[in-house]
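Quick notes on the structure that follows.
Everything numeric in this text was worked out from a predicted model, so none of it was measured. Heavy atoms only: backbone and side chains are in, while hydrogens, waters and symmetry mates are out.
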Amino acid sequence: MSSDAPSGGAAGDPPPGQYWRDEPEIMHYGRIPALRPDRWTFAVGGATADGLEHTFEWAEVLALPRHELVADMHCNTRWSVQGMRWSGPRATDVIAMAPPGPEATSALVFAEFGYAANVPLADLGVPTALLATTLEDEPLTAERGAPMRLIIPHLYTWKGPKWVRGWNYLTTEDDDLGFWEKRGYHRRGHAWQEQRYDYQGEHP
């Protein structure tokens, strides 16, 4: 289970409105990108502390400490899967290499083919936010997001892009929304608070 403890509900229950299934459904928008780690980079820009964009090669990211995370996965389409085992660097390790400026409040996490998700820094910076490269002790497959995907267990899965390539720090003056936020999904997407759609309000 994720260390981000749910509020309410009996032990073993999924978040409100969710049901358990045995395997996560393979879902994505658009085609699956070609797997080319030799051309892969991870960029962190926007409102960084030094005002610069930082680009890291695949080998640099892989050299970061690896962490294992066993956590449940929750999709906005109402399925959840228990106890998935991921490993990879923590998002906080990359944040430490390219920290945000004091005015930054969120990050636009971007992936292949223009996909992006707006994630509050308070969620990106938790210890359970993982840049996963393996699932169940095996390298990620292309359809599961290889070479790397973002996992934030307490948020719905659209907040953790497959094929992730970096993020841009945003300030309160920025209104840069991700793919699904532009289409009416909630700005935060906390699964245990059932934050599915924008009309529910209470944005961070």
Side-chain angles (χ1 to χ4, degrees), residues 2 4 23-46 48 52-76 79 81 83-100 106-119 121 123-169 176 178-181 189:
S2 165
D4 187 283
E23 296 286 339
E25 187 174 346
I26 295 175
M27 304 173 69
H28 53 266
Y29 181 84
R31 66 186 189 277
I32 296 173
L35 182 57
R36 296 170 177 168
D38 58 316
R39 302 182 185 181
W40 185 96
T41 57
F42 196 96
V44 179
T48 57
L52 303 175
E53 180 173 281
H54 301 259
T55 302
F56 306 102
E57 302 294 331
W58 177 241
E60 293 179 88
V61 178
L62 281 188
L64 292 171
R66 297 187 64 80
H67 301 272
E68 184 172 289
L69 172 70
V70 178
D72 302 339
M73 173 180 276
H74 310 294
C75 181
N76 186 59
W79 58 259
V81 177
M84 303 187 69
R85 188 168 67 252
W86 310 89
S87 70
R90 286 176 174 157
T92 53
D93 296 329
V94 175
I95 292 172
M97 294 194 300
S106 64
L108 189 70
V109 181
F110 55 87
E112 298 283 1
F113 304 140
Y115 183 88
N118 188 303
V119 178
L121 288 183
D123 293 309
L124 188 64
V126 298
T128 50
L130 201 70
L131 292 165
T133 59
T134 74
L135 172 60
E136 307 301 341
D137 298 323
E138 296 291 337
L140 289 178
T141 58
E143 64 269 18
R144 294 290 187 199
M148 178 176 282
R149 68 181 293 172
L150 177 62
I151 301 296
I152 307 178
H154 63 283
L155 303 186
Y156 289 119
T157 54
W158 94 79
K159 292 294 188 175
K162 298 178 180 181
W163 313 302
V164 64
R165 297 296 298 270
W167 55 69
N168 289 327
Y169 296 122
D176 204 352
F179 182 88
W180 288 112
E181 292 91 18

query: Of L130, L64, L131, which meets side chain to side chain contact (heavy atoms under 4.5 Å, CB included) against D93?
result: L64
message: Any non-hydrogen side-chain atom of R144 less than 4.5 Å from a side-chain atom of P24?
response: yes
- request: Can you tell me which residue pairs pass the side-chain hydrogen bond (donor to acceptor under 3.5 Å, both in side chains) test with a partner in residues 52-62, sequence neighbours excluded?
  value: D50-H54
field: I95 side, atom CD1; L121 side, atom CG - distance, nearest 0.5 Å
entry: 6.5 Å
query: Would you call the rings of W158 and Y156 parallel, tilted or perpendicular if under 30° counts as parallel and over 60° as perpendicular?
result: parallel
task: Supply the atom-to-atom distance D176 CG to E181 CD, rounded to the nearest 0.5 angstrom.
output: 10.0 Å
Inter-residue atom distance F56.CZ - W40.CH2, 0.5 Å rounding: 10.0 Å
field: Contact summary for V164 and A111, nearest pair of heavy atoms
entry: CA-CB, 3.9 Å
- request: Please lay out, stage by stage, how F179 and F113 fare under the test side chain to side chain contact (heavy atoms under 4.5 Å, CB included).
  value: CA-CA 11 Å; F179 182 88; F113 304 140; over 6 Å; no
- prompt: Can you name the closest pair of heavy atoms from G189 and K159 and give their distance?
  reply: N-CE, 4.2 Å
query: Looking only at heavy atoms, what is the nearest atom pair of R149 and M73, with distance?
result: NH2-CE, 4.0 Å
task: Using the side chain to side chain contact (heavy atoms under 4.5 Å, CB included) rule, take L124 and T92 through it: C-alpha gap first, then chi angles, then the decisive distance, then the call.
output: CA-CA 8 Å; L124 188 64; T92 53; over 6 Å; no
task: Go through the structure and list residues passing ring pair (Phe, Tyr, Trp, His ring centres under 6.0 Å) with F110, not counting sequence neighbours.
output: none
- request: Answer whether the closest heavy-atom distance between the side chains of L150 and V109 falls below 4.5 Å.
  value: yes
Nearest-0.5 Å distance that lies between atom CD1 in I26 and atom NZ in K162: 6.5 Å
- request: Considering non-hydrogen atoms only, spot the tightest contact between G178 and L108 and give its length.
  value: N-CD1, 3.8 Å
- prompt: Nearest 0.5 Å, what's the CD1-CG distance between I151 and L69?
  reply: 8.0 Å
message: Restricting to non-hydrogen atoms, name the atom on D123 and the atom on I152 that form the minimum distance, rounded to 0.1 Å.
response: O-CG2, 4.0 Å
Name the atoms and distances for all side-chain donor-acceptor pairs under 3.5 Å in residues 83-90, with sequence neighbours left out.
from : atom 1 : to   : atom 2 : distance (Å)
R85  : NE     : D137 : OD2    : 3.4
R85  : NH1    : E136 : OE1    : 3.3
R85  : NH2    : D137 : OD2    : 2.7
S87  : OG     : R66  : NH2    : 3.0
S87  : OG     : T134 : OG1    : 2.4
R90  : NE     : P127 : O      : 3.3

- line: In short, A98 meets Y169 closest at the heavy-atom pair O-OH, 2.6 Å
- request: Step by step, work out the side chain to side chain contact (heavy atoms under 4.5 Å, CB included) result for R165 and F42.
  value: CA-CA 5 Å; R165 297 296 298 270; F42 196 96; 5.6 Å; no
field: Distance, nearest 0.5 Å, that separates CH2 of W163 from CG of L140
entry: 11.0 Å
query: Between E23 and V81, is any pair of side-chain heavy atoms under 4.5 Å apart?
result: no
